[in-house]
Amino acid sequence: KFAGLLFLSTGRFIIDDFQQGQLTLVVMELTLIGLYLTFKGREAWGAGVLGLAIGLKLLPGIFLVYFIFRRQFRIAALTAGASLVWSVVPLAWYGGNLPAVFRGFAEQQLLGAAASSPISGADNQSIQGLLMRLLGKFPTEMTVLPFANVADLSYETIKKLVWVVDALVVGWWWWIT
């Protein structure tokens, strides 16, 4: 009964995650498995799995800070080493072509997107992207993301609003800690 209610409340987001090709759930599972193995005494295996999660997405790296604060330096070092290995070893696949691959990525994904459209930042999932989609006339090519121009704000105004929202979040975090 509880599992059905849980799926009803989160199922849409889980399905969206897979449809968009995101790794969020995979990273979450790897993080949980890595932590489970670590706390069950299988530190090397746990660090390897947690290192893979960190290699895929940096967010699980917060557990490195946790291990350091808990003075579990061996686990922190093993996890950091594993994440470095999981991040660097795949680069060997490109061999001597690695600089050309990086240059091609930068030209196509970074510079090309920014040069081809003034709204290139509107299709990401940041606060700025959200505000650009909802408060300005910045539609995206992605049909999955909502677009609703409710305030018709300029790009400069939205950038200032992003600074205000960021400052409020940092201030709130400082206040509660």
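Remember, predicted model here, so these are calculated numbers, not experimental data.
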ILVMFWY cluster membership beyond Leu59 - transitive side-chain contacts under 4.5 angstrom: none

Partner of Thr38 by side-chain contact (heavy atoms from CB on, under 4.5 Å), out of Val49, Leu78, Ile75: Ile75

Partner of Ser83 by side-chain contact (heavy atoms from CB on, under 4.5 Å), out of Leu58, Ile54, Val88: Ile54

Nearest atoms (heavy-atom pairs only) where Ala82 meets Ala47: CB-O, 3.4 Å

Contact summary for Ser87 and Gly55, nearest pair of heavy atoms: OG-CA, 3.6 Å

N/O donor-acceptor pair under 3.5 Å between Trp86 side chain and Gly48 backbone: yes

Backbone of Ala76 reached by a side-chain donor or acceptor of Thr79 within 3.5 Å: no

Crowding at CZ, Phe39 (>12 non-hydrogen neighbours, <6.0 Å): yes

Rounded distance [0.5 Å steps], CG in Leu37 versus NZ in Lys40: 10.5 Å

Reported CG-to-CD1 distance for the pair Leu52 and Ile33, which is rounded to 0.5 angstrom: 10.0 Å

Test log, rule side-chain contact (heavy atoms from CB on, under 4.5 Å), inputs Leu30 and Leu56: CA-CA 10 Å; Leu30 288 171; Leu56 292 173; 3.7 Å; yes

Partner set under side chain to side chain donor-acceptor pair (under 3.5 Å) for Glu29, not counting sequence neighbours: none

Show which side-chain atoms of residues 60-71 pair as donor or acceptor with protein atoms under 3.5 Å away, not counting sequence neighbours.
none

